[in-house]
Amino acid sequence: MNYFRTQEQARRNTLWLVVLFTLAVSAVILTTNLLFIATIYGLTSQNSDARPALDIYTGEHWLLVSGTTLGVILICSFFRQLSLRHGSDVANALGATLLDPGTRDKDERRLLNVVEEMAIASGMPVPDVYVMEDAGINAFAAGFQPSDAIIGITRGTLSSLNREQLQGVIAHEYSHIFNGDMRMNMRLTGVIYGIVFLGQIGRMILRGSMHRRHTSSRDGLGGVLMIYGIGAGLLIIGYGGEFFGRLIKSAVSRQREFLADASAVQFTRNPTGVGDALKIIGYGSGSRVSAPAALEMSHFFFGPVMRFKRTMFATHPPLDERIQRIEPGWDGQYLAPRQPVVEILTTQNPQTRADIDDSMMGFNSNLTRHNGVRAEDSTAIQNSALTSDDTNYSPIEYTMALNPDTEAHELLISQTAMFNAMSAQALLFALLIAESQEEIARRQQDLVHKHLGQEVFRETLRYLREVRMNKKRDRLELIERSMPALRRLSLKQYRTLNQTLVSVVQLDGKIDLYEWCLYRLVLQYLGNHFGTLGIVTRKHKSILAVADEAGVIMAYVAEAGHDQTNAIDLAYHAGMMGGNFLARPRDPAHSVHKTLKPLNKALAVLARSTPNVKEQLIRALIICVRHDHHITDEERDLIRTIAAILETPLGMFGDEAAELLH
């Protein structure tokens, strides 16, 4: 599956959407003008001396009514899109609840682990996860770009599907992210809202006219009836707009679901997961969603939120057709949902009960047992990280005492599942300070204490030793895993965090590549969430338009993995040729050991490119770092950070980028 081609197709679908929207708006404008002509005709038809309605309704009236109607539609569409600027806005509109990363519920814990695993495997930040309290099996993804994406899922999906089936559903939603469907879906919602808003105006006029009909005198009844007629007419036009809107939505949505199913199979390399999830829906579980906004946003979902079956208004293909495409030899039999596990606990205390819940999740390797560490010991490790007593062991020291062979990386991974915002900030600064010399590290710790307080400072010290024992190549992954907890910060807390990061990085008067990668990842992942980074508009459609910037990026990547000038030049030219870029000499000033300002400027330009341009650049960068058949930690960190800034997850490149992700 070429995700970049599908994104380009999604972009063309957006252009097709503009055409359909234009036709629908034209029809609404024409109908509105006809409504006013009919109203004038109704008022003058009883008067033999009156002029014909078409003589009264002049060209100026046409322009006034048409302009007003178009303005109302465009303004409503704009504000509706603005109200859905972030993926979390869609989740809130659907009444979904943000899932706590530290939840102890076994089904919720299983969901968070599946989402996290797939995010890391695809080179994406771990998204926020929302839950809707519906019994049907359904899910959705929303957001304008991967760094702003969220995943929503119903309670019925958690309780009815096993882990493999849940993976299939989540992979389907990740496919929508990769294929560029989220941006189109959010725009589609705004566009349709603008079309149907005239019906809302008509409904308000009707309510007002009905009230006046009861309170007005007999002499004013004619005027009330005229207003009543206009309101009824606008309501009918609104229903007509809804008709067009549903047609547009269903026409765009159905084929995207086939594509997302196929992408999910490729992503998980397992057709059983998504196929069986569809079979359970067909068995009788259904995919209904009760939220009032569900119909408006039905094209976001994994399954149909209403029963349209094979009608022209169906936003999803029929279940049997989707299953047949995934499993051509399907026998037509649906599957019963999984049965919840009945737990019989008698004398266990509440903490033991929570540990048993964890052991039933199927995630023992990461959550409840680490190289021989028992579940109850793992719980003690997690709890010890929250104590303020300096005499206690840190989590890693405690576990090392139990099993000296335990790897630091596994323990840090297990703790990120229990992060709160304070712990996540502490880990972030520990990751940043770990590479500093002793004197600089001490001054950096003082800055953390000054700006973020005693609690974060003490927790930073606890994590610092763990991070230093951890492999350097795994550190950026820890940042990605900590994102859900960091998003719990307030805007004021995020600004303080950002300012402190800048101060800590700049303390020694230089910014090395690792510090740059860490800071830019945090800025990219959290900036979109807190609204400090604007939504990037696509401008550059050809690599020729950004050839200079591509050369700048290539120079930095080539220099990051080599010390010798000759080796740098070979890697640089290999990447330039592999990307079919115009030949140009490498500028020695574009070096991670000199200044990173040209790199920042080039990325700001390239971020406004279309997906096919970004694809060509990332593929060329991969060729560059693989030129000598050895990928360094610096190359890996730089490529992952560049891909994140360009909103182009490395998982979209399949096996080509496997070495950069694992």
Side-chain angles (χ1 to χ4, degrees), residues 85-105 108-117 119-120 124-133 141-153 367 382-383 385-388 395 412-432 448 451-460 462-463 476-501 518-519 521-533 644:
R85 186 178 179 183
H86 301 290
S88 57
D89 297 328
V90 176
N92 293 332
L94 290 167
T97 304
L98 182 62
L99 201 56
D100 181 7
T103 178
R104 303 298 298 178
D105 180 88
E108 293 176 352
R109 185 80 257 140
R110 180 183 58 160
L111 169 63
L112 289 174
N113 276 269
V114 169
V115 171
E116 184 179 86
E117 289 169 2
I120 300 304
M124 283 179 54
V126 179
D128 282 338
V129 181
Y130 288 77
V131 174
M132 296 173 289
E133 300 300 330
F144 269 98
Q145 48 210 359
S147 62
D148 185 40
I150 62 98
I151 298 287
I153 200 164
L367 290 175
Q382 294 161 353
N383 290 340
L386 302 177
T387 181
S388 60
L412 283 172
I413 292 298
S414 70
Q415 291 176 57
T416 57
M418 303 302 295
F419 268 170
N420 55 33
M422 184 272 292
S423 298
Q425 290 181 89
L427 176 62
L428 190 61
F429 285 103
L431 289 166
L432 190 57
V448 173
H451 292 289
L452 297 175
Q454 178 78 1
E455 197 172 15
V456 175
F457 168 71
R458 293 166 73 100
E459 197 75 353
T460 300
R462 291 185 182 278
Y463 279 119
L476 293 189
E477 179 183 325
L478 292 171
I479 296 174
E480 293 168 336
R481 290 177 181 269
S482 66
M483 283 302 118
L486 289 171
R487 294 191 196 101
R488 271 60 176 179
L489 296 170
S490 67
L491 178 59
K492 181 179 179 180
Q493 289 173 322
Y494 167 66
R495 292 187 185 279
T496 302
L497 169 66
N498 188 50
Q499 293 168 1
T500 308
L501 280 172
L518 185 149
Y519 177 74
L521 280 180
V522 173
L523 182 67
Q524 184 68 25
Y525 292 160
L526 295 183
N528 284 318
H529 175 77
F530 288 104
T532 57
L533 291 180

Under the side-chain contact (heavy atoms from CB on, under 4.5 Å) criterion, do Leu518 and Phe429 qualify, and how do the steps go? CA-CA 10 Å; Leu518 185 149; Phe429 285 103; over 6 Å; no
Step by step, would you call Leu489 with Gln425 a side-chain contact (heavy atoms from CB on, under 4.5 Å)? CA-CA 10 Å; Leu489 296 170; Gln425 290 181 89; 3.4 Å; yes
Chi angles and distances behind the side-chain contact (heavy atoms from CB on, under 4.5 Å) call for Arg481, Glu116: CA-CA 7 Å; Arg481 290 177 181 269; Glu116 184 179 86; 2.3 Å; yes
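Under the rule for a side-chain hydrogen bond (donor to acceptor under 3.5 Å, both in side chains), Tyr130 has no partner lying at least two apart in sequence or in another chain. Partners of Arg495 according to the salt bridge (Lys or Arg N to Asp or Glu O under 4.0 Å) rule, which considers only residues two or more places apart in sequence or in another chain, do not exist here. With sequence neighbours excluded, no residue satisfies side-chain hydrogen bond (donor to acceptor under 3.5 Å, both in side chains) with Glu455. Qualifying side-chain contact (heavy atoms from CB on, under 4.5 Å) partners for Leu99, counting only residues two or more places apart in sequence or in other chains: Glu108, Leu111, Leu112, Val129, Val131. By the salt bridge (Lys or Arg N to Asp or Glu O under 4.0 Å) test, Glu133 pairs with Arg155, sequence neighbours left out. Scored by the side-chain hydrogen bond (donor to acceptor under 3.5 Å, both in side chains) test, Gln524 finds Glu647 as partners (sequence neighbours excluded). Scanning for side-chain contact (heavy atoms from CB on, under 4.5 Å) contacts around Thr496 gives Leu452, Thr500, with sequence neighbours left out. Taking Tyr494 as the reference, Phe530 meet the ring-ring contact (aromatic ring centres under 6.0 Å, His included) condition, with sequence neighbours excluded. The side-chain contact (heavy atoms from CB on, under 4.5 Å) check on Ala141 picks up Ile151, Glu173, Ile177, Met182, with sequence neighbours excluded. Evaluation of the salt bridge (Lys or Arg N to Asp or Glu O under 4.0 Å) rule for Asp148 yields no partner, not counting sequence neighbours.
A donor atom on one side chain and an acceptor atom on the other are not found under 3.5 Å apart for Asp100 and Thr103.
For Leu486 against Ala421, the heavy-atom pair with the smallest separation is CD2-O, 4.4 Å. Contact record, Pro125 with Ala119: O-CB, 3.8 Å, taken as the closest heavy-atom pair. Contact detail for Tyr463 and Ala426: the closest heavy-atom pair is CD1-CB, 4.0 Å. Taking all atoms of both residues into account, the shortest heavy-atom contact from Ala96 to Met132 is CB-CG, 3.6 Å.
Salt-bridge check for Arg488 with Asp128: passed, with a basic side-chain N closer than 4.0 Å to an acidic carboxylate O.
To the nearest 0.5 Å, atom CD1 of residue Ile150 and atom CG of residue Leu98 are 9.0 Å apart. The structure places CG of Leu428 at 9.0 Å from OG1 of Thr460, a figure rounded to the nearest 0.5 Å. Separation of atoms CE (Met422) and CZ (Arg458) is listed at 10.5 Å; rounding is to 0.5 Å. A distance of 7.5 Å separates CG of Leu431 from OG of Ser482, quoted to the nearest 0.5 Å. Taking CG of Leu526 as the start and CD1 of Ile479 as the end, the distance is 10.5 Å to the nearest 0.5 Å. Rounded to the nearest 0.5 Å, atoms CG (Leu523) and CG (Leu501) are 9.5 Å apart.
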Output a table of donor-acceptor pairs, distance under 3.5 Å, between side-chain atoms of residues 86-94 and any protein atom two or more places apart or on a different chain; print 'none' if there are none.
unit_1	atom_1	unit_2	atom_2	d
His86	ND1	Asn528	O	3.4
Asp89	OD2	Arg85	N	3.2
Asp89	OD2	His86	N	2.9
Asn92	ND2	Ser88	O	3.1

